[in-house]
Protein chains: 2
Amino acid sequence: MDEQPDPRRLAVWRAFLEAHAALIDVLEAELQAAHALPLTWYDVLVQLSEAPGHCLRMQDLARSVLLSKSGLTRLFDRMEQAGLVERRPFPADRRGTLAALTPAGEERLRRAAPAHLAGVLRHFARHLAEAEADTLTAFFARVRAALPGRLRIDGPV
Amino acid sequence: MDEQPDPRRLAVWRAFLEAHAALIDVLEAELQAAHALPLTWYDVLVQLSEAPGHCLRMQDLARSVLLSKSGLTRLFDRMEQAGLVERRPFPADRRGTLAALTPAGEERLRRAAPAHLAGVLRHFARHLAEAEADTLTAFFARVRAALPGRLRIDGPV
DNA sequence: ACATTATTGTTGTATCTGCAACTATCACCA
DNA sequence: TGGTGATAGTTGCAGATACAACAATAATGT
């Protein structure tokens, strides 16, 4: 491949980083203001609600929300204390734990989702022409596919 | 407005988030492995090296690297201790401090930059067709422009 | 059956970040 | 000139995250 410094492509990278940072900031602030939910909490609720049976193994949930095992353990502790989720034993494998949504968690998500999705639309997707959407998804998918899965998962070396 | 869930555009958002997380992970890991530099340190070095006179006010630097004032204070402390940057008095306004690159910092950046830029190219820009690059930059710029500047800067309410 | 190895989730600890409060300095205006 | 408020940077503190070590359980091979 041609490997010139190529400032055009470098510019994309900068723009990508800045857009991401700004987007996360706004969406987080909006979600926090409107429903007192950090984005990470929202993400957990979404992943659980989309899972079959509204529950997931802790480790799978960790991968879904892009967090390390220990990171999720602590996050889940906080959310459990808030009554939005709960741990259940997983009979099939007694090492495992099932992370499940409580009714309160479902309700909280149901109330917060519309505003958040509207935010994503307003701040992000709105700027996307119909045709561009697929191009972009495909691009991100290519990037993602060529990358190793999550590094920095914890556990011993 | 049309407020259908619009899964196509939602998919872009998800793909965007996942690609970002994965990219940061790999690039950080590579930079760390090859040059013992966290991405934040690299960013500071780049911003300073691109600034006129190789120095910037602390607050401007904070904005450039997308960090809060206090966040930068601490980050800069660490980098100063490592000898890569230094604080200089700013005569024109004695409240201010100039963040400057040391020769060691310049040297470190000069050695690390090629590998990092190659990484950005290999993991990100390579998947981008020539024509797509401009489309994408424009899109991110639109997103960025429509957004408020950094929220969550610190300081009293 | 048993020993060895892998996997699951949690915990100890360190790092990094932001918010709010603080000090020092500056800007402005009466 | 003095006073009031704004601004620059630092610091105390709390929150969130990752890595490494750990206990409990499962899987595998002999």
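As the structure is a prediction and not an experimental result, all values here were calculated from the model. Sequence lines set the chain letters: A, B, ... in the order given, protein chains first and strands last, and positions in each chain run from 1.
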Q. Which atom names give the shortest non-hydrogen contact between H20(A) and L17(B), and what distance separates them?
A. NE2-CD2, 4.0 Å

Q) Taking the six-membered ring for Trp, are F140(A) and F16(A) parallel (under 30°), tilted (30 to 60°) or perpendicular (over 60°)? A) tilted

Q.
Can you measure L39(B) atom CG to dC16(C) atom P for me and round it to whole angstrom units?
A. 13 Å

Q.
Taking atom CD as the centre, does E50(A) end up with more than 12 heavy-atom neighbours from other residues, nucleotides or ligands that are less than 6.0 angstrom away?
A. yes

Q.
Which nucleotide wins on minimum distance to the side chain of T40(B), given the candidates dG9(C), dT25(C), dT17(C)?
A. dT17(C)

Q | Between CZ on residue R95(A) and CD on residue Q59(A), distance to nearest 0.5 Å | A | 10.0 Å

Q | Length of the CD-C1' vector between E28(A) and dC19(C), whole Å | A | 14 Å

Q. Rounded to the Å, how far apart are M58(B) CE and dT11(D) P?
A. 10 Å

Q. Roughly, in whole Å, what's the span from CD in Q59(B) to C1' in dT7(D)?
A. 8 Å

Q. Within this structure, what is the CG-to-P distance between D93(A) and dG9(C), rounded to whole angstrom?
A. 8 Å

Q. Between L56(A) (CG) and dG9(C) (P), how many Å, whole number?
A. 10 Å

(Q) Do M79(B) and L37(B) make a side-chain contact, defined as non-hydrogen atoms from C-beta onward lying under 4.5 Å apart? (A) no

Q. Which residue lies toward the 5' end of DNA chain D, W41(A) or R87(B), if each is placed at its nearest nucleotide?
A. R87(B)

Q.
One pair to check against side-chain contact (heavy atoms from CB on, under 4.5 Å): L23(B) and V120(B). What are the steps and the verdict?
A. CA-CA 9 Å; L23(B) 279 164; V120(B) 171; over 6 Å; no

Q) Could you give the CZ-to-P distance, from R57(B) to dT25(C), as a whole number of Å? A) 14 Å

Q: Send over the distance from R63(A) CZ to dT17(D) C1', rounded to a whole Å.
A: 18 Å

Q. Below 4.0 angstrom, N of the basic side chain to O of the carboxylate: do D60(B) and R63(B) qualify?
A. yes

Q.
I want to verify a distance call: between dG9(C), dA26(D), dT25(C), whose nearest atom is closest to the R95(B) side chain?
A. dT25(C)

Q. By a strict heavy-atom criterion of less than 4.0 Å, which residues belonging to residues 70-84 of chain A are in contact with DNA chain D?
A. S70(A), G71(A), R74(A), R78(A)

